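Step one of this worksheet: look at the structure below.
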Amino acid sequence: MNTLFKTARLLGAVAVVGLGTSFAALAEKWDMPLAYSATNYHSENAAQFAKDVTDATGGKLEIVTHASGSLFKGGEIFRAVRTGQAPIGERLISALGNEDPIFEIDALPFLATSFGDAKKLYTASKPAMDEVLKVKGVKLLYAVPWPPQGLYTNKPVNSAADMKGLKFRAYNAATSRLAQLMGAVPTKIEAAELSQAFATGVAESMISSGSTGYDRKIWEHVKYWYDTQAWLPKNMVIVNLKSWDALDDATRGIIMEKAKAAEDRGWEKASSLADWYKGKLAENGMEVGPAGDALSADFRKIGDVMMKEWLERAGAKGQGVIDSYKKM
Ligand code: PCA
């Protein structure tokens, strides 16, 4: 071996060792708490996003998802990301009404009842949400909807009056208010604790998608699902701003690209699964059908009340978002 070649080899070895150490020093692991079960499409989508980022950064940033509220419960995830206890996480937007009324736009009955309208509402509300989230110290990476929300009950329900006194599982302030307006008795329960709540009689009814009913095998506890198509709430994936700012440009670019792919994939998946979930509820013995006229009319009235109350809380900013949504 000539000397020149030997020197080149030596330099190469030094370069490899050098690279190795700098990778090791820079490599970072982000734990990503999720509230819903690992087999739910939101969680599967997040796991794919985590893998895409990990692969595309060559492991420099490894994201690891933790489903079912195992790292932080649903109700704790936003605070965990905001305070940096978790660098990244997923949370149901409409459950953050105590942070700012703007987030409740996502669960206003009958404002947006199809995937197309839900997308428009997302586009219309995103600038206002981004602004609020920035002040809280987080950044929205992507959001994905749940299928339309319907009413689960343990007995036939023909009008809101039939809901009187029923124990109602709520997942945010809006669903608690809706229960109250029907005369039902709301209790807030995260999806991860749903089966337990229905099994022990703490809950007898709820509003949710076919997706969550399917995940929790709800047919073991209730028999009816009324496809009220009331709204399509979204989950969002957020990142702590300090963790975000500490990344280099290339990594941030990769995350944005993979987040966009996750958002597109998630919307597609949600709409393609909506009917499949309904079929599964029926296959497992549930009576699945549209709400009757009286129930629909009562729901519409309740929706109007909730919209009025929300506009009082959300003020001009809320009205502005509604206006731009309606123009779309
Ligand atoms: N499932 C979630 C929120 C909306 C939905 O469809 C839940 O029931 O907790």
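Start at 1 and go down the list; that is how both ligands and their atoms are numbered. Owing to the predicted nature of the structure, the values given are computational and were not obtained by experimental measurement. Start at 1 with the first residue, then count along the sequence. Values below: all heavy atoms of this structure, side chains included; hydrogens, waters and symmetry mates excluded.
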**OP:** Determine, for Phe110 and Arg300, whether the Lys NZ or Arg CZ falls below 6.0 Å from the six-membered ring centre while staying within 45 degrees of the axis.
**Re:** yes
Original post:
Testing Trp146, Trp267, Tyr142, Phe49 for ring-ring contact (aromatic ring centres under 6.0 Å, His included) with His42, which one passes?
Top reply: Trp146
Subject >> Carboxylate-amine/guanidinium proximity below 4.0 Å for Lys139 and Asp130 >> reply: no
Original post:
Which residue and non-hydrogen atom of the protein lie closest to atom 1 (N) of ligand 1, and at what distance in Å?
Top reply: Thr212 OG1, 2.6 Å
Original post:
With a 4.0 Å cut-off on heavy atoms, does Pro233 reach ligand 1?
Top reply: yes
Original post:
Parallel, tilted or perpendicular: which fits the ring planes of Trp219 and Tyr214, with parallel below 30° and perpendicular above 60°?
Top reply: tilted
Original post:
Which bit of His42 is near ligand 1, meaning a heavy atom under 4.0 Å away: side chain, backbone, both or neither?
Top reply: neither
Original post:
Is it true that Asp52 and Arg265 make a salt bridge, defined as a side-chain N closer than 4.0 Å to a carboxylate O?
Top reply: yes
Original post:
At a 4.0 Å threshold, what atoms of ligand 1 neighbour a non-hydrogen atom of Gln149?
Top reply: 4 (C), 5 (C), 6 (O)
Original post:
Any salt bridge between Lys260 and Asp264, counting N to O under 4.0 Å?
Top reply: yes
Subject >> Arg169 touching ligand 1 at heavy-atom level, < 4.0 angstrom >> reply: yes
Original post:
To which protein heavy atom is atom 6 (O) of ligand 1 closest, and what is the distance rounded to 0.1 Å?
Top reply: Ser209 OG, 2.5 Å
Original post:
Which ligand 1 atoms does Ala191 reach within 4.0 Å, using its non-hydrogen atoms?
Top reply: 9 (O)
